[in-house]
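A note on names: the letters A, B, ... follow the listed sequences, proteins ahead of strands, and every chain is numbered from 1. Just so it is clear, the model here is predicted, and its values are computed rather than measured.
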Amino acid sequence: MKILVRNLSRSTGEEEIRRIFATYGQVQSCNLVLDKASGKSKGFGFVEMPVNGDAKQAIKNLNGMELGGKNIRVKMAEEKED
DNA sequence: GATGAGCGG
């Protein structure tokens, strides 16, 4: 399941996202979207987790948690994939 | 060189 993680701090890296998501389940892959102008984090990214139930649990648990001094927004991505 | 809402490559 593809998970959208936004409202991230610009100082937050993929490893940070991966470790907190790994707390509730296995992280298949984490992709932090980088900005083309600065080449740094755009402040949001995507995380893929199995739909075994860990994904939704990770979402509702990690949604609104503080990371890098900011409260991140975790939600399942609504793109083509089902 | 950085940008603060937002579903990228």
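- Distance CE (A/M76) to C1' (B/dG6): 18 Å, rounded to an integer number of Å.
- Regarding A/F44, its CZ atom lies at a distance of 11 Å from the C1' atom of B/dG9, rounded to whole Å.
- Among the protein residues, A/S9 comes within range of the nucleic acid bases, having at least one heavy atom under 4.0 Å from a base atom.
- Side-chain proximity of A/N31 to B/dA5, B/dG8, B/dC7: nearest is B/dG8.
- Of the listed residues (A/N7, A/I17, A/I3, A/V47), just one forms a side chain to side chain contact (heavy atoms under 4.5 Å, CB included) with A/V74, and that residue is A/I3.
- Atom NZ of A/K70 is separated from atom C1' of B/dG6 by 13 Å (rounded to the nearest Å).
- In this structure, A/K70 does not pair ionically with A/E66, as no charged nitrogen and carboxylate oxygen lie closer than 4.0 Å.
- For A/F46 and B/dG8, the ring-to-base geometry satisfies the stacking test (centroid distance below 5.5 Å, interplanar angle below 30°).
- Per the geometry, CG belonging to A/L8 stands 13 Å off P belonging to B/dC7, to the nearest Å.
- Residue A/K75 comes nearest to A/I59 through the heavy atom pair CA-CG2, 4.0 Å, listed as atom of the first residue, atom of the second, then distance.
- Here B/dG8 presents its P atom at 12 Å from CZ of A/R6, a figure rounded to the nearest Å.
- Atom-to-atom, CD1 of A/I17 to C1' of B/dG8 comes out at 12 Å; the value is rounded to the nearest Å.
- Distance A/L34 CG to B/dC7 P: 17 Å, rounded to the nearest Å.
- A/R73 places no side-chain N or O within donor-acceptor distance of the main-chain N or O of A/V5, the cut-off being under 3.5 Å.
- Here A/R73 lies out of heavy-atom contact (under 4.0 Å) with every strand.
- Each of A/D35 and A/L32 was matched to the nucleotide of DNA chain B holding its nearest heavy atom; the match closer to the 5' end belongs to A/D35.
- No donor-acceptor distance shorter than 3.5 angstrom exists from the side chain of A/E48 to the backbone of A/Q28, with no hydrogens or angles considered.
- Between A/L4 and A/R10, the residue anchored closer to the 5' end of DNA chain B is A/R10, taking for each the nucleotide with the nearest heavy atom.
- In this structure, A/K42 places its NZ atom 16 Å from P of B/dA2, rounding to the nearest Å.
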